[in-house]
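Reading through the structure tokens given below for one structure.
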Amino acid sequence: MNIWLMKSEPDVYSFDDLKKADKRTSMWEGVRNYQARNFMRDDMCKGDVVLFYHSNCKEPGIVGLAEISSSKAYPDPTQFDKKSNYFDPKSDPENPRWLVVDVRYRKAVKRPVTLKEIKAHPELGKMKVAQRGMRLSIQPVDKAHYDIIQKEFWG
DNA sequence: GCCAACGTTGGC
DNA sequence: GCCAACGTTGGC
């Protein structure tokens with residue numbers, strides 16, 4: 001089982017939005033970065049754990065736990081939707097460039113694990129998300145880091 | 001709102 | 001294939 005950190009801007013799609021979604025599940029649409037796409041395509045498995053991270057907001061940090069609920073990645077419909085912000089005219093419908101997975105809500109944290117705390121923590125500070133200039137929106141998480149978060153924040 | 005860091009694009 | 005210019009991300 002893999003563990004992932006997935007970023008979302010709460011103004012665009014928050015952890016609460018996922019909770020309120022039909023079946024508490026949503027397509028993770030709009031990924032337009034090849035490295036992140038490749039994680040979805042090559043490495044994600046149904047049941048993988050997801051740390052849901054709020055970015056570009058007042059208090060960035062991990063706000064909840066989710067899981068991958070599709071058995072594999074599949075084409076992102078928004079790439080072909082001219083009205084979508086995620087429309088990509090260069091993507092060929094015969095060979096779609098961008099993929100999604102389904103993500104299902106699991107539970108909220110007792111309190112958010114803020115980026116500030118992550119950076120200040122001797123171990124968690126080593127997480128990718130804490131590193132300077134780290135913009136990747138889907139990141140693998142070490143089990144050791146997940147265990148710490150689980151112990152200290154889900155208790 | 002600022003701006004550093006990064007990924008992508010496109011001319012050459 | 002190089003690299004400058006550009007657009008985006010995302011913390012602050």
Side-chain angles (χ1 to χ4, degrees), chain A residues 2-21 26-44 48-68 72-142 144-146 148-150 152-154:
Chain A
N2 308 302
I3 304 156
W4 307 95
L5 181 144
M6 294 171 83
K7 296 182 188 174
S8 186
E9 301 188 20
D11 289 348
V12 179
Y13 199 85
S14 70
F15 190 56
D16 220 43
D17 291 331
L18 183 62
K19 187 179 184 178
K20 285 184 264 182
S26 176
M27 285 190 304
W28 200 261
E29 63 189 36
V31 170
R32 294 295 180 267
N33 170 283
Y34 291 104
Q35 212 180 333
R37 180 206 63 184
N38 293 348
F39 281 137
M40 292 197 285
R41 186 189 60 193
D42 303 333
D43 302 304
M44 277 187 174
D48 281 359
V49 170
V50 174
L51 300 175
F52 198 111
Y53 179 91
H54 279 172
S55 68
N56 201 15
C57 57
K58 205 167 177 188
E59 192 91 73
I62 296 163
V63 294
L65 195 65
E67 67 188 15
I68 303 301
K72 56 186 250 181
Y74 58 97
D76 183 345
T78 66
Q79 69 196 307
F80 304 121
D81 178 1
K82 283 187 179 153
K83 287 174 299 211
S84 169
N85 287 337
Y86 303 127
F87 177 62
D88 182 353
K90 290 190 222 160
S91 183
D92 173 9
E94 298 299 312
N95 184 22
R97 183 179 295 198
W98 304 115
L99 303 172
V100 291
V101 291
D102 293 338
V103 174
R104 183 191 295 141
Y105 177 94
R106 214 184 256 178
K107 61 178 171 179
V109 279
K110 279 183 186 162
R111 61 180 187 83
V113 190
T114 66
L115 180 60
K116 205 188 294 179
E117 284 175 278
I118 291 169
K119 283 183 168 171
H121 192 285
E123 275 305 312
L124 299 182
K126 295 175 192 163
M127 291 177 74
K128 287 199 193 324
V129 73
Q131 283 157 29
R132 181 183 172 79
M134 190 55 193
R135 309 192 316 185
L136 192 58
S137 65
I138 297 178
Q139 305 173 3
V141 173
D142 290 350
H145 294 149
Y146 175 67
I148 292 167
I149 292 168
Q150 170 127 294
E152 296 187 15
F153 295 90
W154 271 286

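Values below: all heavy atoms of this structure, side chains included; hydrogens, waters and symmetry mates excluded.
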Pairs under 3.5 Å (N/O, protein and nucleotides 3-5 of chain C):
none

Report all interatomic pairs (protein N or O, nucleotide N or O of nucleotides 9-12 of chain C) with separations under 3.5 Å.
residue, atom, partner, partner atom, Å
C:dG10, OP1, A:Lys7, NZ, 2.9
C:dG10, OP1, A:Arg135, O, 2.5
C:dG11, OP1, A:Tyr53, OH, 2.8
C:dG11, OP2, A:Asn56, N, 2.9
C:dC12, OP1, A:Lys119, NZ, 2.9

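Remark: of the listed residues A:Trp4, A:Tyr105, A:Trp28, A:Trp28 is the sole one forming a ring-ring contact (aromatic ring centres under 6.0 Å, His included) with A:Phe52.
Whole-Å rounding puts the A:Asp88 CG to C:dG7 P distance at 17 Å.
For A:Asp88, the side chain to side chain contact (heavy atoms under 4.5 Å, CB included) partners are A:Gln79, A:Lys90, A:Ser91, A:Arg97, A:Trp98, not counting sequence neighbours.
Within 4.0 Å of A:Lys58, counting heavy atoms only, lies no atom of the nucleic acid at all.
A:Thr78 and A:Arg32 form a side-chain donor-acceptor contact under 3.5 Å, judged by distance and modelled atom types alone.
No side-chain heavy atom of A:His54 sits less than 4.5 Å from a side-chain heavy atom of A:Pro60.
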| Hey, mind stepping through A:Glu117 and A:Phe153 against side chain to side chain contact (heavy atoms under 4.5 Å, CB included) and telling me if it holds? | CA-CA 11 Å; A:Glu117 284 175 278; A:Phe153 295 90; 3.7 Å; yes
| task | Check the pair A:Val113 / A:Tyr53 against side chain to side chain contact (heavy atoms under 4.5 Å, CB included), numbers first and verdict last. | result | CA-CA 9 Å; A:Val113 190; A:Tyr53 179 91; over 6 Å; no
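Projected onto DNA chain B by closest heavy-atom contact, A:Arg32 and A:Arg132 fall at different nucleotides, the more 5' of which corresponds to A:Arg132.
Remark: side-chain polar atoms of A:Glu67 are not paired, donor with acceptor, to backbone N or O of A:Val103 under 3.5 angstrom.
Here the shortest heavy-atom pairing between A:Ala36 and A:Leu136 reads N-CD1, 3.9 Å.
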